[in-house]
Amino acid sequence: MNPEFALDPRLSADTVPVGDLALSSVLLMDDARFPWLILVPRRTGASEITDLGEADAALLWEEIRLAAGVMQALSRPDKVNVAALGNVVAQLHVHVVGRFRSDPAWPGPVWGHGARQPYPAHARAQLVERAGALFAAA
């Protein structure tokens, strides 16, 4: 664990913690329009994947694959989008978004499409619990 690591406040404001993997904290984006996980490698100062050492970069790729599998089991989406943008939040984080042909942004990107719609509290809690169980079982 990296005691100097702190999650960017903008990520904290829009997400709910799911748990921790070996390298990354797993967050659920609190937006009921799209099933959406975010992996945040706990490495202070990292803003690009290339800021990670070789071992951490390989581990991040395995965690992305794991998160994509969890997303598929969690939501059965038509497509899983994976992206590391960082245009607004510089802290390195990877989006794993379940997409449906019927979602409000399809086929375009989810970023900047309408306003975030938080989950009802009970639905959010159930989703976090289910995602955590899927990660633990993987």
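- In this structure, CD1 on Ile64 lies 10.0 Å from CG on Leu59, to the nearest 0.5 angstrom.
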side-chain contact (heavy atoms from CB on, under 4.5 Å) evaluation trace for Asn81 with Phe34: CA-CA 11 Å; Asn81 292 172; Phe34 312 103; over 6 Å; no

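- Leu37 contributes atom CG, which lies 9.0 Å from atom CG of Leu27 (distance to the nearest 0.5 angstrom).
- Atom CZ of Arg116 has more than 12 heavy atoms from other residues, nucleotides or ligands within 6.0 Å.
- Met71 and Leu60 end up in the same hydrophobic cluster when Ile, Leu, Val, Met, Phe, Trp and Tyr side chains are linked at under 4.5 Å.
- At least one side-chain heavy atom of Val40 sits under 4.5 Å from a side-chain heavy atom of Phe5.
- Put simply, Leu7 and Val94 are part of two different groups of oily side chains (I, L, V, M, F, W, Y) that touch within less than 4.5 Å, one to the next.
- In this structure, Arg43 does not pair ionically with Asp51, as no charged nitrogen and carboxylate oxygen lie closer than 4.0 Å.
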Stepwise side-chain contact (heavy atoms from CB on, under 4.5 Å) test for Leu74 and Leu134: CA-CA 8 Å; Leu74 194 62; Leu134 288 166; 3.8 Å; yes

Verdict with reasoning, Arg10 to Gln91, per side-chain contact (heavy atoms from CB on, under 4.5 Å): CA-CA 10 Å; Arg10 290 165 292 193; Gln91 182 175 51; over 6 Å; no

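- Listed by chain and number, the residues in a side chain to side chain donor-acceptor pair (under 3.5 Å) with Glu63 are Ser24 (sequence neighbours excluded).
- Put simply, the side chain of Arg42 gets close to the backbone of Ala22: a donor and an acceptor are under 3.5 Å apart.
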Steps toward side-chain contact (heavy atoms from CB on, under 4.5 Å) verdict (Asp103, Arg33): CA-CA 7 Å; Asp103 77 39; Arg33 299 172 305 153; over 6 Å; no

